[in-house]
Amino acid sequence: MKSYHHIPLTPDNVVVFPSRAVAIENALRLFSPGLAIVDEHLTRHLPKQWLTSLAIEESNHAKDTVTVIEAPRQSDLLIELIRKLKPQVVVTGMAQFEAITSAAFVNLLSVTKDVGSRLLLDISEHLELSSLPSSNGVLKYLAGKTLPSHAAILCGLVKNQVYSDLEVAFAISEDPTVYKALSQTIELLEGHTSVISQHYYGCLFHELLAFQIGDRHPQQEREPAEVISKEMIGFSNSAMSTLEGAEFFVPGSKESGVIHMDLDRSFLPVPSAVNASIFESFVRQNITDSETDVRSSIQQLVKDSYGFSADSCSEIIYGNTCLALFNKLVLCCMQEQGTLLFPLGTNGHYVNAAKFVNATTLTIPTKADSGFKIEPSVLADALEKVSQPWVYISGPTINPTGFLYSDDDIAELLSVCAKYGARVVIDTSSSGLEFQAAGCSQWNLEKCLSNVKSSKPSFSVVLLGELSFELTTAGLDFGFLIMSDSSLVDTFYSFPSLSRPHSTLKYTFRKLLGLKNQKDQHFSDLIVEQKETLKNRANQLIKTLESCGWDAAGCHGGISMLAKPTAYIGKSLKVDGFEGKLDSHNIREALLKSTGLCISSSAWTGVPDYCRFSFALDSGEFDRAMECITRFKELVLGGSAKVNGSN
């Protein structure tokens, strides 16, 4: 934008999305407008429930529900509609003949400012990744004037001639409140945009910059944005309260990096077999559909790992991330007017995502001494209180606690759910790396379900999974969802803006699943090696934490565990950027500011006093993390202080 179009943006002004459709839906969820006007060419991937006719029944309009009216792309007709209907949000593209100059854009900015509408303008069709891009009126405007706070520009990279299905989108905003919230929204609802897709376009941008000869003309002074006097729609109540309370990714600076023990991903070295499969998927030409069809491989995987039978009637849906798939399930639950039940000690991203879209949720109490597992009697008590229950169970490995459900455990829980006609979401995304499973029998879900008798047709099981842990592909995500209830499948597809894995990733994962399912000796040895590494890391982390005044809960699998900062609660700390008495919430900030180590606080885990530590770091980073924990103890408790609760 700076080199080719003379627009002085900072990285903060640019928010990356998996696709244009995801960007539009997430922006509308952030604001939840009572009325939005959306370009008829851009409504195809919006939830069907949002689309309406001009006759809006105000009395039927539920709180925080978006209502969308389709509009023509031609600006004069659109402007007339905006003046008459006064929508809170306008999402539109531009006709080719109107995109050459900035006149149509200026008119849209003016009318939306006058009626108090926010504007999201899509210029995807007019954005060329070329060393000689044609004239673009919107970008010309931005070179000379700051973008007003009520407007944002959407750029979907949709003109790829090599990989027509490889899309990434980005939004440009110069309002700090908006670009920060959009960035946090994508983190909550999608996780992140595919690393491979971002890298592909990153390479293209890098090559374009290499073509560009340095501009000898000084950057022209931009005019400041007009002050918007009319009040615009703010973020929805549920979005605002979630964004205020959630914990987000903390980027490192050039001066100092951040050690991340707060992420749901592995940073362990990627085996050469994985690298070879990724490389092959990119260099191969004319890959056939059968070579990218992972259905039978996933059927085999869930049969072998969990005894789950996915027959020809089952629907298997793929997503860029497990979180993106989970969020569509939350919307299905809301569509059925259901209540989502989370056990205490659930992945904080999932809980926050449900709160963001204003789903009805309930917490099932769990206890530290039973590994934060759901107890059947407690589940039954919770199900007594709700109608249309949806029960979320993370297993066999529980994320983030790292404890395991045995086959008997899951059989008992499914029996209770069947009795109350609950829909059950079993999330296996953190499973496959159990390193201490002695005495914990392997799941046989097919047998469990055949023994369960339910008179309620609403009872069904949805299996959610993620291949990156199972196949040691750190950073490359591939989520899947298996459903057999046809009505639920129909509801799921009514929310069509799902970001899906690219065909090259499907090829890669099909090859790796083949190695795993055929029990290839070399690949099996790699998995055993990773489990051993994680076991050693977990033991070392427990030892370090307990010698530094923490009570570690321990774990039997996965990549994280919980620990309580027993010796630190109530202690005072004053360092650069932090001053106060420590508790299990602010200890995240205190650790980060004083040592550069980032963990998840009890606000994220949902468990009073317990923080989360992820330990699947590379060896050098893990060693530095252990040093940070020790240094923090010396800062707060003193080098010779006794720990474990006293000082």
Side-chain angles (χ1 to χ4, degrees), residues 47-48 288-320 322 324-336 338 340 388-393 395-396 407 410-411 413-429 431-432 442-467 470 478-501 503 506 509-510 513-514 516-517:
K48 304 288 184 277
T288 62
D289 288 346
S290 63
E291 289 177 295
T292 61
D293 184 2
V294 292
R295 182 185 170 91
S296 60
S297 302
I298 287 176
Q299 285 174 311
Q300 183 67 44
L301 176 78
V302 297
K303 180 77 174 162
D304 291 348
S305 302
Y306 315 114
F308 187 79
S309 179
D311 57 23
S312 57
C313 300
S314 301
E315 193 76 12
I316 304 182
I317 301 164
Y318 316 119
N320 262 347
C322 200
L325 290 165
F326 174 76
N327 280 313
K328 295 292 184 241
L329 287 176
V330 173
L331 299 176
C332 292
C333 173
M334 293 171 71
Q335 188 65 22
E336 291 187 351
L340 195 51
Q388 310 283 47
W390 284 57
V391 178
Y392 172 83
I393 301 172
D407 188 47
I410 194 68
L413 295 179
L414 288 174
S415 178
V416 174
C417 291
K419 180 183 173 185
Y420 290 93
R423 292 202 186 279
V424 186
V425 178
I426 298 179
D427 179 9
T428 65
S429 63
S431 300
Q442 187 174 340
W443 281 16
N444 187 344
L445 289 174
E446 188 176 5
K447 186 180 174 189
C448 291
L449 291 169
S450 65
N451 290 338
V452 163
K453 300 288 181 283
S454 179
S455 57
K456 304 200 173 179
S458 56
F459 171 70
S460 66
V461 172
V462 174
L463 196 77
L464 187 60
E466 162 63 68
L467 297 178
E470 294 263 8
F478 193 115
F480 65 89
L481 183 65
I482 305 177
M483 293 189 282
S484 53
D485 185 305
S486 57
S487 67
L488 190 52
V489 171
D490 291 343
T491 307
F492 190 94
Y493 282 129
S494 71
F495 303 103
S497 73
L498 182 67
S499 52
R500 297 172 187 272
S503 56
K506 288 184 180 175
F509 278 100
R510 187 174 184 273
L513 282 167
K516 182 174 173 67
N517 292 338

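Taking NZ of Lys456 as the reference point, atom SG of Cys417 lies at 12.0 Å (rounded to 0.5 Å). For the atom pair CG (Leu464) and SG (Cys322), the distance works out to 3.5 Å, reported to the nearest 0.5 Å. Rounded to the nearest 0.5 angstrom, Leu340 CG and Cys333 SG are separated by 5.0 Å. A distance of 13.5 Å separates CZ in Arg510 from CG in Leu467, rounded to the nearest 0.5 Å. Here Ser314 contributes atom OG and Leu481 contributes atom CG; the two are 11.0 Å apart, rounded to the nearest 0.5 Å. The OG atom of Ser429 sits 10.5 Å away from the CG atom of Leu325 when rounded to the nearest 0.5 Å.
Val462 places none of its side-chain heavy atoms less than 4.5 Å from the side chain of Val424. Taking 4.5 Å as the limit, every side-chain heavy atom of Tyr493 sits out of range of all side-chain heavy atoms of Leu498. Using a 4.5 Å heavy-atom threshold, the side chains of Val461 and Leu445 count as separate. For the pair Glu470/Leu301, a side-chain contact is recorded, criterion being any heavy-atom separation below 4.5 Å from C-beta on. The shortest side-chain heavy-atom distance between Phe326 and Tyr392 falls under the 4.5 Å cut-off. Side-chain contact between Trp443 and Val302 is absent, with no heavy atoms from C-beta onward closer than 4.5 Å. In this structure, the side chains of Lys303 and Glu446 come closer than 4.5 Å at one or more pairs of heavy atoms. Looking only at side-chain heavy atoms (C-beta outward), Ile393 and Val425 stay at 4.5 Å or farther from each other.
Heavy-atom minimum distance, Ile316 versus Tyr318: CG2-CE2, 3.5 Å. What you find for Lys328 and Ser497 is that their closest heavy atoms are NZ-OG, 3.3 Å. Across Gly465 and Thr428, no two heavy atoms sit closer than the pair CA-OG1, 3.4 Å. Minimum interatomic distance between Ser503 and Thr292 (heavy atoms only, all atoms of both residues): O-CG2, 3.6 Å. Among all heavy-atom pairs drawn from Val294 and Phe509, the shortest one is CG1-C, 4.5 Å. Closest approach of Asp407 to Cys448, counting heavy atoms only: OD1-SG, 3.6 Å.
Other residues, nucleotides and ligands contribute over 12 non-hydrogen atoms within 6.0 Å of the CG atom of Asp311. Counting heavy atoms of neighbouring residues, nucleotides and ligands inside a 6.0 Å radius, atom NZ of Lys48 exceeds 12 of them.
The salt bridge (Lys or Arg N to Asp or Glu O under 4.0 Å) search around Asp485 returns Arg423, not counting sequence neighbours. Scanning for ring-ring contact (aromatic ring centres under 6.0 Å, His included) contacts around Phe308 gives an empty result, with sequence neighbours left out. By the ring-ring contact (aromatic ring centres under 6.0 Å, His included) test, Tyr306 is found to be paired with no residue, residues two or more places apart in sequence or in another chain being considered. Remark: Phe480 engages no residue in a ring-ring contact (aromatic ring centres under 6.0 Å, His included) (not counting sequence neighbours). Phe495 is linked by a ring-ring contact (aromatic ring centres under 6.0 Å, His included) to nothing, counting only residues two or more places apart in sequence or in another chain. Applying the salt bridge (Lys or Arg N to Asp or Glu O under 4.0 Å) rule to Lys506 yields no partners; only residues at least two apart in sequence or on another chain are considered.
With hydrogens and angles ignored, the 3.5 Å screen pairs a side-chain donor or acceptor of Gln299 with a backbone N or O of Ala310. Remark: the backbone N or O of Gln300 is not paired with any side-chain donor or acceptor of Asn517 at under 3.5 angstrom. The backbone N or O of Thr491 lies less than 3.5 Å from no partner atom in the side chain of Gln335, so there is not a single donor-acceptor pair. Of the possible polar contacts, one joining the Glu466 side chain to the Phe478 backbone as a donor-acceptor pair under 3.5 Å is found. Looking only at distances, a side-chain donor or acceptor of Ser458 sits under 3.5 Å from a matching main-chain atom of Gly421.
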| task | Dump the intermediate steps for side-chain contact (heavy atoms from CB on, under 4.5 Å) on Glu336 and Leu488, then the final yes or no. | result | CA-CA 9 Å; Glu336 291 187 351; Leu488 190 52; 4.1 Å; yes

| message | Determine whether Leu329 and Met334 satisfy the following criterion, side-chain contact (heavy atoms from CB on, under 4.5 Å), listing intermediate values before the conclusion. | response | CA-CA 9 Å; Leu329 287 176; Met334 293 171 71; over 6 Å; no

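Looking only at atom types and distance, the side chain of Glu291 has a donor-acceptor partner in the side chain of Thr288 under 3.5 Å away. Between the side chains of Ser290 and Asp293, no donor-acceptor pair of N or O atoms lies under 3.5 Å.
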